[in-house]
Amino acid sequence: MTTTSPRDKNASRDVEEAAIIAAKPDVISNTKKVFIKTYGCQMNVYDSERMADVLAPIGYAPVETPDQADLVILNTCHIREKAAEKVYSELGRIRQHKEANKPEMKVAVAGCVAQAEGAEIMRRAPVVDMVLGPQTYHKLPEMIAKVHRKSGEVLETEFDTIEKFDSLPKTRNVKGFSAFLTVQEGCDKFCTFCVVPYTRGAEVSRPVDQIVMEARDLAAQGVREITLIGQNVDAYHAEGPDGSEWGLGELIRHVALIGGIDRIRFTTSHPRDMDDALIKVIGEEPKLMPYLHLPIQSGSNKILRAMNRDHTYDHYKQLIAKIRAARPEIALSGDFIVGFPGETEADFEQTMKCVEEIGYASSFSFKYSIRPGTPGASMHRQVPEDVKQDRLVRLQALLYKQQEEHNKSLIGKTLSVLVEGKGRKGGQLFGRSPYLTGTHFDGPEELIGQIVDVRIEEAGRNSLVGVLA
Ligand code: SAH
Ligand code: SF4
Ligand code: F3S
């Protein structure tokens, strides 16, 4: 049908075509190209894949660069000022490309900046045709039709997480052997530094059946490792097949029953919501990888209180002790913020002490970034930039040393590695250890997609080198 309707004939033809495309998704072949650029966390990676799934039935094939794209989607992150500002510089480049090469190209801003700034984005960057928040991407076909109808501002920022998940295509189009699967979205914790409760909305858990169906579909496509994701994934709760309320632990055990799925991970955990039932599963479920991301943010009880984290350092320490008792080989990763308002040198030293005492195999550490609309933004005693910088450098020196030590402790050990693809050098393969460390070793390409044993011979801060065991 596209061949008989030249697109530039007149505006009403456009309307008709867009409406037909939206109404009859399955009759269109892939004739258009979409470029999706992803910023931010794992959930945005998941969301970008799902946006591609939503667009495939209406004729869009994904491409790796914006050059040939008919539609560009920026899936954005609002977590720190720098992340949010990146979007506008990218939009500047896209505008130039559009004006010079592809005037008919459409531009969408999705994700957390879209939710936080809404119509303001179009005012600041008129190149943008659509703005859609994280709970609205199932509406993309409708929105694209509207843009083609030129019916004014196209903006969707409603929170309807359930409707979104119910409307997504039942099958996913995945590449590779490891996939993210959103089980819970949104956050009710309201840490005083964080925008996520405002950009993702309230905590919502997806039904068990929907998750299991999606996991089975992934397994059928060759996925071997699934990471169950949620902003506050430990808060997962939904009705299980037996009618009782299931938490994350039961869900993990159930996903572990799926043939083909050999590795399970989950992220991100909150120290407040990690209960004994989940710790028991961490201790007992062999498919669960011995690697846990459990952010504390600060080691100072005063700062934890000001952050509204609702737990103390002692609580965290005891929790880690329980988890290590249940699964002695577990490696930990954490998030840290330095320079939260009111943080003194003594508070910062508590964070250093926490890192010394706990010991992390990997970590993410940030300077506090003031986010508009959060309680932290209006707190007194903001910490000067040079102090934040100095603390970040000191903290990272310690964290990086621990990371390298952890990797070096693996020398001589045999680890299971999920082979993701070819390595940098000829004959080399690349995969991930149970601790997510990138691992290189020599081997035949037939091993790609398999889980193999690798004996570690060399270790740097960020990667391992070994031989097939
Ligand atoms: N629970 C969440 C955390 C999301 S944000 C999750 O699902 O991943 C990831 C990390 O960014 C946080 O743990 C925190 O360390 C950091 N972060 C969040 N807001 C920040 C801010 N305003 N300034 C600096 N770092 C921040
Ligand atoms: Fe943000 Fe805190 Fe919720 Fe994590 S738990 S998403 S840091 S508010
Ligand atoms: Fe960023 Fe939104 Fe994720 S703010 S970290 S993309 S939840």
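Side-chain atoms are counted along with the backbone in the values below, which use heavy atoms only and exclude waters and symmetry mates. For reference, positions follow the sequence shown, starting with 1.
- Residues that satisfy the salt bridge (Lys or Arg N to Asp or Glu O under 4.0 Å) test with R309, not counting sequence neighbours, are absent from this structure.
- Two residues are said to be in side-chain contact when any heavy atoms from C-beta on lie closer than 4.5 Å; M51 and I73 meet this criterion.
- By the 4.5 Å heavy-atom criterion applied to side chains, Q231 and E185 are counted as neighbours.
- The side chain to side chain contact (heavy atoms under 4.5 Å, CB included) search around S416 returns R263, P434, I451, D453, not counting sequence neighbours.
- Under the rule for a ring-ring contact (aromatic ring centres under 6.0 Å, His included), the partners of Y360 that lie at least two apart in sequence or sit in another chain are F336.
- We find that R50 and D47 are not joined by a salt bridge, their nearest charged nitrogen and carboxylate oxygen being 4.0 Å or further apart.
- Judged as a salt bridge (Lys or Arg N to Asp or Glu O under 4.0 Å), the pairs with a partner in residues 337-346 (not counting sequence neighbours) are, in order, E343-R391, E345-R391, E345-R394.
- Using a 4.5 Å heavy-atom threshold, the side chains of R371 and T374 count as touching.
- The aromatic rings of F165 and Y46 lie tilted to each other, with the angle between the two planes from 30° to 60°.
- Take F177 and apply the ring-ring contact (aromatic ring centres under 6.0 Å, His included) test, not counting sequence neighbours, and it matches no residue.
- The side-chain hydrogen bond (donor to acceptor under 3.5 Å, both in side chains) pairs that include a residue from residues 168-177 are E49-R172, T171-D217, R172-E214, where partners are two or more places apart or lie in different chains.
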For Y198 and F190, run ring-ring contact (aromatic ring centres under 6.0 Å, His included): C-alpha distance rounded to whole Å, both residues' side-chain angles, the deciding distance at 0.1 Å, then the answer. CA-CA 9 Å; Y198 313 97; F190 290 92; 5.5 Å; yes
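- Ion pairing of K280 with E284 is present here, as a side-chain N (NZ or NE/NH1/NH2) and a carboxylate O approach within less than 4.0 Å.
- Residue P66 comes nearest to V72 through the heavy atom pair CB-CG2, 4.2 Å, listed as atom of the first residue, atom of the second, then distance.
- With ring centers used as reference points, F266 lies 6.0 Å or more from F180.
- Between S48 and N75, the shortest heavy-atom contact is OG-ND2, 3.0 Å.
- Centroid-to-centroid, the aromatic rings of F364 and H293 come within less than 6.0 Å.
- Every residue was checked against the ring-ring contact (aromatic ring centres under 6.0 Å, His included) condition with F366, not counting sequence neighbours, and none meets it.
- Residues forming a ring-ring contact (aromatic ring centres under 6.0 Å, His included) with H138 (at least two apart in sequence, or on another chain): none.
- Residue pairs satisfying the salt bridge (Lys or Arg N to Asp or Glu O under 4.0 Å) criterion with at least one member in residues 348-359, sequence neighbours excluded, are listed as follows: K317-E357, K353-E357.
- No donor-acceptor contact under 3.5 angstrom links the side chains of S205 and Q184, judged on distance only.
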Kindly indicate, with the supporting measurements, whether the criterion side-chain hydrogen bond (donor to acceptor under 3.5 Å, both in side chains) is fulfilled by Y291 and S362. CA-CA 10 Å; Y291 175 79; S362 77; 2.7 Å; yes
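- Residue E120 qualifies as enclosed at atom CD: its count of foreign heavy atoms under 6.0 Å is above 12.
- Remark: E64 CD is loosely packed, at most 12 non-hydrogen atoms of other residues, nucleotides or ligands lying under 6.0 Å away.
- A donor-acceptor contact shorter than 3.5 Å is absent between the side chain of Q450 and the backbone of V452.
- With sequence neighbours left out, the salt bridge (Lys or Arg N to Asp or Glu O under 4.0 Å) criterion links K82 to no other residue.
- Taking D273 as the reference, K189 meet the salt bridge (Lys or Arg N to Asp or Glu O under 4.0 Å) condition, with sequence neighbours excluded.
- Under a cut-off of 6.0 angstrom, the local environment of CD in Q210 is crowded, with over 12 non-hydrogen atoms contributed by other residues, nucleotides or ligands.
- A donor-acceptor contact under 3.5 angstrom links the side chains of D242 and S244, judged on distance only.
- Taking each heavy atom of E225 and S178 in turn, the nearest pair found is OE2-OG, 2.7 Å.
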Output, in order, the C-alpha distance, side-chain angles, deciding distance and verdict of side-chain contact (heavy atoms from CB on, under 4.5 Å) for Q135 and D160. CA-CA 6 Å; Q135 307 308 345; D160 203 336; 5.7 Å; no
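- The salt bridge (Lys or Arg N to Asp or Glu O under 4.0 Å) search around D129 returns none, not counting sequence neighbours.
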